[in-house]
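So the structure is just underneath, and the comments pick up after that.
Because only heavy atoms are used, hydrogens play no part in the values below, and waters and symmetry mates are left out as well, while side chains stay in.
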Amino acid sequence: MKKLIYILFVALLSVTAGCSKIDYEINDAYETANITGITIYATSENPVNIIESFEIDMENAVVEAFVPEGTDLTHLRLVLTISTGATITPALSGFTDLSTPKEYTVTSPNGIKQTSWKVVVSITPPGGVGNE
């Protein structure tokens with residue numbers, strides 16, 4: 001009987017010790033709420049990215065894009081690339097008036113981090129600007 005109790009005790013101890021700690025790491029990408037890219041289309045019949053240059057300021061959460069002279073900023077289709085698994089509000093759909101800066105909120109996949117982003121679209125001044 002003592003031998004049976006000893007075997008049960010060792011088995012119980014082994015199971016308890018094996019399950020006492022769960023080690024896992026949270027992927028840093030799962031906690032990001034960034035805009036990582038921008039595309040702008042002027043028409044739906046001929047979808048060509050019209051951005052001449054853009055800059056993404058991660059520190060200040062600002063995206064600045066420049067489009068060719070003569071572009072109608074009031075009727076553009078905006079496409080933003082965001083962190084994997086993240087969501088954006090308001091939703092991007094249809095044509096948008098980008099003649100004034102727009103605010104978007106990107107929420108990380110785990111819902112913990114939210115970043116308010118400003119998107120500014122301007123006409124490229126003579127001589128060009130920015131980096132792509």
**Request:** Would you check if the side chain of Thr115 reaches a backbone N or O of Ala33 as a donor-acceptor pair within less than 3.5 Å?
**Result:** yes
**Message:** If you define the side chain from C-beta out and look only at heavy atoms, does anything of Ile38 sit under 4.5 Å from Thr81?
**Reply:** no
**Item:** Contact check, side chains of Pro101 and Val119, non-hydrogen atoms, under 4.5 Å
**Value:** no
**Request:** Quick one: do Leu78 and Leu76 satisfy side-chain contact (heavy atoms from CB on, under 4.5 Å)? Show the steps, please.
**Result:** CA-CA 6 Å; Leu78 175 65; Leu76 297 173; over 6 Å; no
**Message:** Ignoring hydrogens, what is the shortest heavy-atom contact between Tyr41 and Val79? Give both atom names and the distance.
**Reply:** CE1-CG2, 3.8 Å
**Message:** Can you confirm whether Lys102 is buried at NZ, in the sense that more than 12 heavy atoms of other residues, nucleotides or ligands lie under 6.0 Å from that atom?
**Reply:** yes
**Message:** Using modelled atom types and a 3.5 Å cut-off, is there a donor and acceptor pairing between side-chain atoms of Ser108 and backbone atoms of Lys113?
**Reply:** yes
**Asked** Can you tell if the side chain of Ile123 reaches within under 4.5 Å of the side chain of Phe66, non-hydrogen atoms only?
**Response** no
**Prompt:** Which atoms form the tightest heavy-atom contact between Ser116 and Glu103, and what is the distance?
**Reply:** OG-OE1, 3.1 Å
**Request:** Taking Asn34 for its side chain and Thr36 for its backbone only, find out whether a donor-acceptor pair lies under 3.5 Å.
**Result:** no
**Prompt:** Between the main-chain N or O of Arg77 and the side-chain N or O of Thr96, is there a donor-acceptor pair closer than 3.5 Å?
**Reply:** no
**Request:** Using the side-chain contact (heavy atoms from CB on, under 4.5 Å) rule, take Val121 and Ile40 through it: C-alpha gap first, then chi angles, then the decisive distance, then the call.
**Result:** CA-CA 9 Å; Val121 178; Ile40 297 176; 3.6 Å; yes
**Prompt:** Linking I/L/V/M/F/W/Y whenever their side-chain heavy atoms sit closer than 4.5 Å, directly or via other members, would Tyr104 and Ile51 fall into one cluster?
**Reply:** yes
**Prompt:** Got a donor-acceptor contact below 3.5 angstrom from the Asn60 side chain to the Val62 backbone?
**Reply:** no
**Request:** Output the distance between atom CG (Leu92) and atom CD1 (Ile82), rounded to the nearest 0.5 Å.
**Result:** 8.0 Å
**Interatomic spacing from CD in Gln114 to OG1 in Thr107 - rounded to 0.5 Å** = 4.0 Å
**Asked** Which of these passes side-chain contact (heavy atoms from CB on, under 4.5 Å) with Val67: Asn49, Asp72, Leu73, Thr124?
**Response** Leu73
**Item:** From CA spacing to verdict: side-chain contact (heavy atoms from CB on, under 4.5 Å), Ile56, Trp117
**Value:** CA-CA 10 Å; Ile56 299 175; Trp117 284 84; 4.0 Å; yes
**Request:** Check step by step if side-chain contact (heavy atoms from CB on, under 4.5 Å) holds for Ile50 and Thr71.
**Result:** CA-CA 9 Å; Ile50 62 168; Thr71 300; 3.6 Å; yes
**Complete:** What one should report as the nearest heavy-atom pair of Pro109 and Ala86 is CG-N, 3.8 Å
**CD-CG distance between Glu31 and Asn110, expressed to the nearest 0.5 angstrom** = 5.5 Å
